[in-house]
Amino acid sequence: MKILIEPRDPLTQAQGVEPGYAQTARRWPARPLARRPLGASELSGPQPVARLLHADQGDLAGSGAKRALGQLIRLRVRVVDEDGAPLPGTVLEAWHCNAAGKYIHPNDSHDAPVDPNFYGAARMVTGDGGLAELRTIKPGAYPVPDTGGWWRPPHVHFSVWGRVWLSRLVTQMFFPGEPLNEADAILNAIRDPQARERCIARFVPSAGTELVYDFQLVVRGRKGSPGMP
Amino acid sequence: VKRLVPTAEMTLGPFFPREFAQGLNHLADEIEISGRVTEVDGTALDNVILEIWQADAAGRFDNPQFPGWGRAATDAGGEYRFRTVRPGALPGRAPHINFLVLYSGLMRQLQTVLFFEPSDDPVLRAVEHPGRLVARQVKPGAFRFDIRLRGGDETPFFDD
């Protein structure tokens, strides 16, 4: 199957150096990115990823005495390509901070408590319909060091693989109704309001024991139609 | 079919879980590729995530015995390391390894390519400083490929 990858749209994708996010000016290349012809190397798929990366249970919340602190949530994440076709069998990595805004990572120096029952990293494989579910707790907000008052809104990091090498997607999911969303330098690096809105999960009223959110990840790539160059 | 817009990429952040990057940088035992990842003033960067995608020694991407994909994280000195095979040539392409860089401060992934020697290759012809994409052989089977994100001898990156 031939997969087409089209250039990124500058309205719906961040463009590099962002005022308000100082590290972008230290790390994003100063020279314009080059364009190259795409061929078998860039448009073949790293399918072995699903063999190499072992999926776990998709549950970071635990239960009983091992229950993590915080509001129980269930994230229903659907992975599709630009045609809207679901991607079953693809790997989805998720990581986020605990309810107090603290990551498990040793480099996180934020003065917030660790939760011994929360380990904020999960790896899933999508099933039928491109769907993966993560039962977890709602992450807290936290201040970004040395930024004079920038707080990250609650968010969940996602990393996912699409049909080909260039379909790789790493992004963040936000929660609806959070006042910190309005001022977040990362979410607002996306110029198009609708594209920003699509980075915010949809709350799904339900009678269960967890608050349910739906989120869709659209990976780059669509099928080439017959006769297309 | 109505085309969906790809989800906006966002930065990996500084706290990519350590265990997500463990045990994935050893694809094979033939060659070693290592290097240092630095930012604008040459400062080394910790916990940068690099992913590679390459053909096998015969230039094939569908070898069930060789995954072709790997991931490494830089250490506090900015150093990363892969062990793999030297890829074969593809039709119209010199032997190369695709690199993807993910990090805090990068709102989207950066793509670059490692070559083993100066070559007549369409990807090398697309950049102003092709020499910066050619790895330096430091001893038999060992190559250095430093990645400078910005400034100085900045690595050429691609927008696809």
Side-chain angles (χ1 to χ4, degrees), chain A residues 5 7-9 12-14 16 18 21 23-31 33-42 44 46 48-49 51-52 80 82-84 93 95 103-108 120-121 123 157 165-166 168-172 186 189-190 195-196 198-199 217-220 222, chain B residues 1-20 24 39-41 43 45-47 51 53-55 61-62 67-69 90-93 96 98 100 102-111 113 122-123 126-128 149-151 154-160:
Chain A
I5 298 280
R8 288 181 178 82
D9 169 7
T12 61
Q13 296 287 343
E18 292 296 334
Y21 185 6
Q23 287 164 332
T24 58
R26 302 183 57 79
R27 296 171 186 168
W28 188 259
R31 292 180 172 277
L33 306 189
R35 293 256 183 226
R36 58 179 164 177
L38 302 181
S41 183
E42 300 80 16
S44 48
V49 167
R51 284 205 317 270
L52 295 169
V80 300
E82 291 177 61
D83 291 324
E93 294 172 320
W95 66 104
Y103 282 87
I104 53 170
H105 200 282
N107 289 1
D108 186 0
R123 193 179 274 150
H157 295 263
W165 168 250
L166 292 183
R168 187 82 170 88
L169 173 64
V170 173
T171 189
Q172 303 179 16
I186 290 175
I190 313 306
R196 277 202 303 277
R198 289 191 293 267
C199 297
L217 291 168
V218 182
V219 295
R220 299 175 78 199
R222 59 192 180 92
Chain B
V1 184
K2 185 176 176 293
R3 181 176 165 259
L4 299 181
V5 180
T7 302
E9 291 174 57
M10 291 187 197
T11 177
L12 182 83
F15 305 129
F16 189 70
R18 288 272 192 218
E19 76 275 18
F20 278 178
L24 296 171
E39 63 176 1
V40 65
D41 56 1
T43 305
L45 298 170
D46 181 21
N47 209 32
E51 294 179 354
W53 173 239
Q54 65 162 97
F61 285 103
D62 57 353
W69 182 86
L90 310 173
R93 296 294 310 275
H96 65 276
N98 298 298
L100 179 158
L102 298 163
Y103 196 47
S104 166
L106 300 180
M107 278 297 296
R108 35 188 182 92
Q109 63 191 275
L110 285 175
Q111 290 270 351
V113 185
V123 169
V127 303
E128 202 176 338
L149 296 179
R150 185 184 177 97
E154 183 173 301
T155 300
F157 295 100
F158 298 92
D159 198 9
D160 303 307

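This is a predicted model, so every value here is computed, not measured.
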- Item | Distance in Å, Arg36(A) CZ paired with Asp160(B) CG, rounded so as to fall on 0.5 Å steps | 4.0 Å
- Message: Between Pro122(B), Ala126(B), Ser104(B), who has the most heavy-atom pairs with chain A when the cutoff is under 4.5 Å?
- Response: Ser104(B)
- Query: What part of Tyr103(B) gets closer than 4.5 Å to chain A, counting heavy atoms only: side chain, backbone, both or neither?
  - Reply: side chain
- Task: Sort out for me which of Pro29(A), Pro106(A), Ala121(A) touches chain B most, counting heavy-atom pairs under 4.5 Å.
- Result: Pro29(A)
- Pick one of side chain, backbone, both or neither for Arg196(A), based on which atoms fall under 4.5 Å of a heavy atom in chain B. neither
- Message: Using a 3.5 Å distance criterion without hydrogens, assess whether the side chain of Thr24(A) forms a donor-acceptor pair with backbone atoms of Gly105(B).
- Response: no
- Message: For Glu51(B), which atoms come within 4.5 Å of any heavy atom of chain A: side chain, backbone, both, or neither?
- Response: both
- Check each atom of Phe61(B) against the heavy atoms of chain A and say whether the ones under 4.5 Å are side chain, backbone, both or neither. side chain
- Query: Quick one: do Glu42(A) and Arg93(B) make a salt bridge, cutoff under 4.0 Å?
  - Reply: yes
- Proximity breakdown for Pro156(B) and chain A, heavy-atom pairs closer than 4.5 Å: neither
- Query: Any idea which of Gln23(A), Arg35(A), His105(A), Gln13(A) has the most non-hydrogen atom pairs under 4.5 angstrom with chain B?
  - Reply: His105(A)
- Message: For Leu12(B), which atoms come within 4.5 Å of any heavy atom of chain A: side chain, backbone, both, or neither?
- Response: both
- Message: Using a 4.5 angstrom heavy-atom cutoff, name the option from Thr171(A), Val49(A), Val219(A), Asp9(A) with the most pairs to chain B.
- Response: Thr171(A)
- Roughly how far, to the nearest 0.5 Å, is the CG atom of Leu90(B) from the OG atom of Ser44(A)? 8.5 Å
- Note on the structure: Contacts of Gln109(B) meeting side chain to side chain donor-acceptor pair (under 3.5 Å) (sequence neighbours excluded), chain-then-number -> Glu9(B), Gln111(B)
- Query: Taking NZ, NE, NH1 and NH2 as the nitrogens, is one of them in Arg150(B) or Asp41(B) under 4.0 Å from a carboxylate oxygen of the other?
  - Reply: no
- Task: Please check if the distance between the ring centroids of Trp95(A) and Phe16(B) is under 6.0 Å.
- Result: yes
- Task: Measure distances from Leu110(B) to the heavy atoms of chain A and classify the residue's part below 4.5 Å as side chain, backbone, both or neither.
- Result: side chain
- Task: Pick one of side chain, backbone, both or neither for Ile186(A), based on which atoms fall under 4.5 Å of a heavy atom in chain B.
- Result: both
- Rounded to the nearest 0.5 Å, how far does CD of Glu18(A) lie from OG1 of Thr11(B)? 11.0 Å
- With a 4.5 angstrom heavy-atom cut-off, could you sort out which part of Thr155(B) is near chain A: side chain, backbone, both or neither? neither
- Message: Counting heavy-atom pairs closer than 4.5 Å to chain B, which one of Ala14(A), Ala30(A), Pro7(A) comes out on top?
- Response: Ala30(A)
- Note on the structure: The interface call for Arg18(B) against chain A, heavy-atom contacts under 4.5 Å, is both
- Note on the structure: Cut-off 4.5 Å, heavy atoms of chain B, and the answer for Leu217(A) is both
- Message: I'd like to know if Arg3(B) and Asp83(A) make a salt bridge, using a cut-off of under 4.0 Å between side-chain N and carboxylate O.
- Response: no
- Using modelled atom types only, decide if a donor and an acceptor are shared between the side chain of Asp108(A) and the backbone of Tyr103(A) within a distance under 3.5 Å. yes
- So Asn47(B) and Asn107(A), side-chain hydrogen bond (donor to acceptor under 3.5 Å, both in side chains) or not? Walk me through it. CA-CA 9 Å; Asn47(B) 209 32; Asn107(A) 289 1; over 6 Å; no
- Query: For the candidates Arg108(B), His96(B), Glu128(B), Met107(B), which exhibits the highest count of non-hydrogen atom pairs separated by less than 4.5 Å from chain A?
  - Reply: Arg108(B)
- Message: At a 4.5 Å cut-off on heavy atoms, which part of Arg31(A) comes close to chain B: side chain, backbone, both, or neither?
- Response: both
